[in-house]
Every structure is written in C-alpha cells, then in structure tokens.
S.K.: 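First the structure, which I've put down as structure tokens, then a few questions once you've had a look.
Chain identifiers are assigned alphabetically (A, B, ...) following the order of the sequence lines, protein sequences preceding nucleic acid strands; residue numbering begins at 1 within each chain.
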Protein chains: 2
Amino acid sequence: MKASVVKIEPNGHVCSDCAVRDLAVCSSLDPTELREFEHLGRRVHFSSGETVFSEEDITTSFYNLVEGVMRLYKLLPDGRRQIVGFALPGDFLGMNISGRHNFSADAIGGVTVCQFAKAPFGRFIEDRPHLLRRINELAVRELSHARNHMVLLGRRSADEKVAAFLLGWRERLVSLKGASDTVPLPMSRQDIADYLGLTIETVSRTFTKLERHGVIEIIHGGISLLDPAKVEALAAA
Amino acid sequence: MKASVVKIEPNGHVCSDCAVRDLAVCSSLDPTELREFEHLGRRVHFSSGETVFSEEDITTSFYNLVEGVMRLYKLLPDGRRQIVGFALPGDFLGMNISGRHNFSADAIGGVTVCQFAKAPFGRFIEDRPHLLRRINELAVRELSHARNHMVLLGRRSADEKVAAFLLGWRERLVSLKGASDTVPLPMSRQDIADYLGLTIETVSRTFTKLERHGVIEIIHGGISLLDPAKVEALAAA
DNA sequence: TGCGAAAATTGATCTGGGTCAATCGCCTTT
DNA sequence: AAAGGCGATTGACCCAGATCAATTTTCGCA
C-alpha cells in the first residue's frame with residue numbers, strides 16, 4: 001500500500017544461523033552449497049503494510065520469508081479481494097510459469113525476506129535436483145492447502161469457516177512457536193474476512209458468538225481457545 | 001461410485017504414438033527415455049462413474065490422464081462435496097507429500113489413464129531432473145488455477161461464477177479440440193454446482209437466464225456461446 | 001417404441017450472511 | 001489529558017441464493 005522504501009541489511013548475514021534454516025528451501029542444501037547460496041540472496045526488510053510484489057508484476061525475484069507474516073491475495077477489477085493465503089517464516093514465494101506473479105503479497109507487521117534474483121537462482125537450481133525436489137515438495141504442500149481452502153470457501157458455513165481458520169492457523173504456528181491454545185492473530189478482521197470469503201461484520205459477529213458460548217476468548221492481538229474440542233466440532237472436520 | 005472393474009489394455013501400447021505425448025509429463029522425455037518409460041506405465045480403462053482413487057487412500061500409483069474427463073473432489077463428513085477441478089487428457093495426478101491422495105477422482109464418461117506404480121516411477125525420476133522440472137511445472141500451473149478458483153469461490157456472484165466457468169472450460173478445451181464457441185459439458189449440472197460452490201438449481205436457473213438473454217444457447221451435451229464478449233463481461237474478468 | 005429412473009428445469013418460499021449505519025474502544029499525536 | 005482516527009463491534013434490514021417441492025425432459029434398456 002505505502003510507497004516502498006525497503007531496508008537492505010548490510011552484507012553480514014550468514015545462512016548457517018538463519019532462523020528458517022531447517023524450514024525453508026535451504027533445508028535441502030549441504031553446508032558447502034549453503035555457503036554458495038548465501039551470496040545469491042540478500043536480506044530485505046519491509047515495514048507493515050508494504051507491498052513486496054504485485055500480481056501481474058514480471059517476476060524478477062524469488063523470496064524466502066524469514067521473519068514476519070504476509071498476506072497473499074488477488075483482486076478483482078472492482079476491488080473485491082480474496083486472500084489466498086498467509087505466508088509464515090520458511091515459506092517460499094515467487095514460483096510461477098507465466099513469468100508473472102499471480103498474486104500480490106504484502107507485509108502484515110514488519111517482515112524480513114531473503115530475496116533471490118530469478119536468473120542466478122535458476123542457474124543454481126539447474127544442477128541441484130535435491131533443491132528442485134524441495135521446491136516441488138513445498139509447491140505440492142501448498143496445492144494441498146489450496147484444495148482444502150476451496151472446500152472451505154465453497155461448502156462451509158460462516159461458523160465453520162471461522163472455526164476451521166482458528167484451528168488451521170494455530171496448527172501452522174506449532175512449528176514456529178510450539179503448540180498453544182493462545183492464538184495470536186496479527187492480521188486484521190478484514191484480512192480474515194477476505195481469506196474466508198466473508199464480510200468483516202460476519203467475522204466479528206462470529207467471534208463474539210463463539211466468545212458468548214464460552215468457546216473462545218477474544219484477547220488483545222488474538223484469541224484464546226477455551227474449548228478446542230468444541231471448536232473442532234464446529235469446524236466440521 | 002460403482003464397483004471397480006478395470007480393464008487393462010493388452011501390452012501393445014507405445015508411448016510414441018500416445019495422444020497426450022506432447023501435453024503430459026512425458027513431453028520432457030527424449031525418445032530413448034520414452035522407450036524405457038513405456039515399461040513403467042500400463043494403460044487402464046475406467047467406465048463412467050468409476051472411482052480411480054479416493055481421498056485418504058494410500059498413494060500407490062500416479063496417473064497420467066490419456067483420454068476422457070475426471071472430476072477431482074473432496075467430501076465433508078456430512079456429504080457436502082467440493083469439486084476442486086476437472087482433469088483432462090495430459091493431466092498428471094497423484095502427487096502429494098503425505099503419502100495419501102488428498103482428493104478423490106472419478107471418471108466422467110469413459111476414461112483411459114496411464115498408471116505408474118509409485119516406487120518405480122520415483123526411481124525413474126531420481127536421475128532425470130528434467131522430468132522433475134516438468135512435474136513441478138504442472139504443479140505450479142495447478143496452483144495458479146487453484147488460486148484463481150479461490151477468488152471465484154470466495155468473491156464472485158452466481159452469475160459471475162457460471163460465466164467464468166464456461167469461459168475457463170472453453171479455454172481448457174482449446175489445446176485439445178481447438179477453439180470453438182460450442183462448449184461441450186460432459187459433467188452433470190450437479191458437478192458444475194459442486195465445482196462453483198452453488199446448488200444445482202442455481203446453476204440451472206443461471207443457464208436459462210443466460211439463454212433468455214441471448215448470451216448462450218443450451219444445446220445437447222453442452223452450451224454454445226452466442227455472445228462471448230457478453231459472457232466475458234459477466235465473468236468480471 | 002415405450003417404460004422407468006435419473007437428470008434438469010421451474011416455481012414458491014425461506015434464511016444466512018450481506019449491506020447500511022451507528023457507535024465503541026483503542027492507539028496515536030499533540 | 002484531550003482530540004482525532006481507525007479498527008472492531010453491534011444493530012436493523014435486505015436480498016442472493018438455498019431449500020423444498022413439483023413437473024418436465026432425457027436416457028438407458030427391454
């Protein structure tokens with residue numbers, strides 16, 4: 001949204017002590033490769049609300065999210081928005097066949113990415129099938145998520161959508177922050193609505209309804225699952 | 001749906017004159033590889049309505065659709081169904097990370113697939129990165145489709161959904177049957193409804209409404225686009 | 001060629017979630 | 001500490017699309 005004034009970190013970064021070393025595509029690289037890989041990427045910081053790349057932009061870079069949360073979304077000509085996913089540390093962004101990004105991505109809160117110019121990255125992959133396999137693995141995982149989300153969007157009620165979202169988001173945070181019934185929600189209600197194919201009002205009402213029923217507690221910056229089993233039942237598997 | 005009585009074709013098939021030679025994953029193989037590849041797959045026929053594989057089944061095979069159309073879908077415990085896509089000749093099915101299919105697939109009309117046992121296929125890929133790259137390409141293409149479909153499911157009206165579906169289906173048929181304003185629809189109205197996140201009644205009503213407005217003509221086994229530009233306008237890009 | 005069943009269409013009515021419109025409750029910023 | 005502003009909540013009302021209920025059309029099969 002805002003004008004993009006990115007902050008590039010001084011060259012001092014080393015992959016070997018990167019926070020997402022074992023989650024990201026890099027997990028497929030051995031120490032020698034990793035040192036070479038280090039020179040391909042540069043760390044870039046984006047502040048809250050900044051757009052990292054836009055749908056229809058020609059793809060010049062791939063990104064490895066290192067820290068923070070991003071919303072990935074598509075817009076219809078009249079402004080309707082569908083968020084197709086939230087990216088978390090370890091996620092790899094930018095793969096496409098058309099040569100253009102097919103969604104936009106912006107920062108929710110401060111974000112650090114590891115940015116790779118397309119050509120050198122492509123060359124690096126060339127003779128490293130294990131990296132390609134890792135990328136494919138992430139794509140297939142993403143595809144599975146996308147299909148689950150289609151079911152949610154096409155066939156679930158508002159209550160089910162919200163319940164499933166809370167559980168799914170909590171689940172995704174497990175590998176990053178460990179399991180917890182306290183679920184931070186860094187994204188806005190509008191973001192949640194656009195992710196679930198609902199309006200902000202319906203999301204808000206559903207939250208308060210769940211709270212009235214003692215199923216969740218709305219806390220500052222997130223929610224707390226008071227009765228996870230009940231939420232699971234509401235999500236209709 | 002029906003009990004599965006598959007028909008395996010006698011061994012006489014050769015990849016080099018396969019109908020999907022240039023569309024499928026096989027397009028990445030050179031003639032020598034293709035001859036070796038030939039021994040990995042066997043052609044299997046499924047009749048209308050038969051299930052090729054089911055969600056949650058352990059993946060023992062990958063499939064290359066050679067002829068016919070398949071519906072790919074997920075079911076909720078209470079029977080609600082979301083069709084996540086229709087497969088056409090050239091499509092590659094079975095990639096997943098969990099070791100289980102994450103959707104079900106059944107034949108719409110008669111279908112011929114080229115079936116590969118998982119292990120030998122995996123071994124064949126192992127030292128052929130160009131095949132892996134081709135598979136990744138198909139996965140990324142699929143991912144793009146999935147994201148577009150999320151927008152449709154989450155943010156488009158019934159009219160827009162139907163119009164977009166007709167255009168999208170027509171577009172997919174171009175590479176198989178050439179461009180045409182006559183669009184065959186081998187799937188049922190229920191299938192279309194479950195693909196678009198609508199009910200069968202809404203799909204039917206929308207078709208008749210479009211026909212009344214002179215935008216399409218409902219013909220036997222499909223529709224004809226009388227005013228493609230108008231349909232595009234309705235689809236809201 | 002006709003019969004039974006399944007698919008598709010059409011009509012009448014209902015409702016979940018959208019729309020419109022106030023507040024409310026914070027965070028800033030001064 | 002007051003004011004301004006933005007995100008979130010809440011309420012009143014509405015409507016697109018679901019549901020329920022007949023037909024009508026198509027199709028497989030004898």
Side-chain angles (χ1 to χ4, degrees), chain A residues 1-2 47-49 71 76 78-83 108-109 152-166 184-213 216-223 234 236, chain B residues 1-2 47-49 71 76 78-83 108-110 152-165 184-213 216-223 234 236:
Chain A
M1 302 284 179
K2 297 179 192 170
S47 340
S48 192
R71 61 174 157 258
L76 289 176
D78 64 2
R80 281 174 288 176
R81 184 177 72 157
Q82 176 66 46
I83 291 184
I108 296 178
L152 178 146
L153 290 170
R155 288 299 181 220
R156 292 176 121 109
S157 70
D159 288 0
E160 291 169 344
K161 284 177 175 182
V162 170
F165 165 68
L166 293 177
L185 297 175
M187 69 292 285
S188 70
R189 294 289 190 268
Q190 186 64 63
D191 287 340
I192 298 175
D194 286 348
Y195 182 57
L196 300 179
L198 297 171
T199 59
I200 186 175
E201 293 94 332
T202 299
V203 170
S204 187
R205 274 188 256 270
T206 306
F207 273 3
T208 27
K209 184 165 72 175
L210 290 178
E211 189 173 48
R212 265 204 316 275
H213 291 32
I216 66 168
E217 192 191 349
I218 300 170
I219 57 177
H220 181 77
I223 61 96
L234 279 171
Chain B
M1 301 282 182
K2 296 177 190 170
S47 343
S48 191
R71 62 175 157 258
L76 289 175
D78 63 2
R80 279 173 290 176
R81 184 177 71 158
Q82 176 65 47
I83 290 184
I108 296 177
L152 179 144
L153 290 170
R155 288 299 181 222
R156 292 174 118 109
S157 71
D159 288 2
E160 291 169 344
K161 284 177 175 182
V162 170
F165 166 68
L185 297 175
M187 69 291 286
S188 70
R189 295 288 190 269
Q190 185 64 63
D191 287 340
I192 298 174
D194 287 347
Y195 182 57
L196 301 178
L198 298 171
T199 59
I200 186 174
E201 293 94 332
T202 300
V203 171
S204 187
R205 274 188 256 270
T206 307
F207 274 2
T208 29
K209 183 167 74 176
L210 291 177
E211 188 172 48
R212 264 202 319 274
H213 291 29
I216 67 168
E217 191 191 350
I218 300 170
I219 58 178
H220 181 80
I223 62 97
L234 279 170

S.K.: For the pair made of CG in A:Asp78 and C1' in C:dT19, what is the distance, rounded to whole Å?
M.R.: 15 Å
S.K.: Can any side-chain N or O of B:Arg156 pair as donor or acceptor with the backbone N or O of A:Leu76 at less than 3.5 Å?
M.R.: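 Answer holds: no.
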S.K.: Sugar-phosphate means primed atoms, P, OP1 and OP2; the rest is base. With that split, encode nucleotides 14-30 of chain D 5' to 3' as B, S or - using protein heavy atoms under 4.0 Å.
M.R.: ---SSBB------S---
S.K.: Can you measure B:Leu185 atom CG to C:dA7 atom P for me and round it to whole angstrom units?
M.R.: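 Distance, rounded to whole Å: 16 Å.
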S.K.: Hey, does B:Ser204 reach any base, or is it just sugar-phosphate, or nothing, if we go heavy atoms under 4.0 Å?
M.R.: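 B:Ser204: base contact, heavy atoms under 4.0 Å.
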S.K.: Between A:Glu211 (CD) and D:dT10 (C1'), how many Å, whole number?
M.R.: 14 Å
S.K.: Below 3.5 Å between N/O atoms, which protein atoms pair up with nucleotides 5-7 of chain D? Just atom names and distances, please.
M.R.:
none

S.K.: Expressed as a whole number of angstroms, how long is the span from B:Arg212:CZ to C:dT10:C1'?
M.R.: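 Those two atoms, CZ and C1', are 10 Å apart.
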S.K.: Between CG of A:Asp191 and CD1 of A:Ile83, what distance do you get to the nearest 0.5 Å?
M.R.: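 Result: 4.0 Å between the selected atoms.
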S.K.: Expressed in angstrom and rounded to an integer, what is the separation of A:Ile223 atom CD1 from D:dT9 atom P?
M.R.: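 Computing the A:Ile223:CD1 to D:dT9:P distance gives 12 Å.
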S.K.: What's the separation between atom CG in A:Leu166 and atom CZ in A:Phe207, rounded to the nearest 0.5 Å?
M.R.: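 One gets 5.0 Å once the value is rounded to the nearest 0.5 Å.
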S.K.: What is the distance from CZ of A:Arg80 to P of C:dG18, rounded to the nearest Å?
M.R.: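 Computing the A:Arg80:CZ to C:dG18:P distance gives 13 Å.
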S.K.: Is there side-chain contact between B:Leu185 and B:Phe165, with at least one heavy-atom pair below 4.5 Å?
M.R.: yes
S.K.: Measure the distance from CZ on A:Phe207 to P on D:dT10 and round it to the nearest whole Å.
M.R.: 13 Å
S.K.: Could you give the CD-to-C1' distance, from A:Glu160 to C:dG16, as a whole number of Å?
M.R.: 12 Å
S.K.: Are any of the side-chain nitrogens in B:Asp159 or B:Lys209 under 4.0 Å away from the carboxylate oxygens of its partner?
M.R.: yes
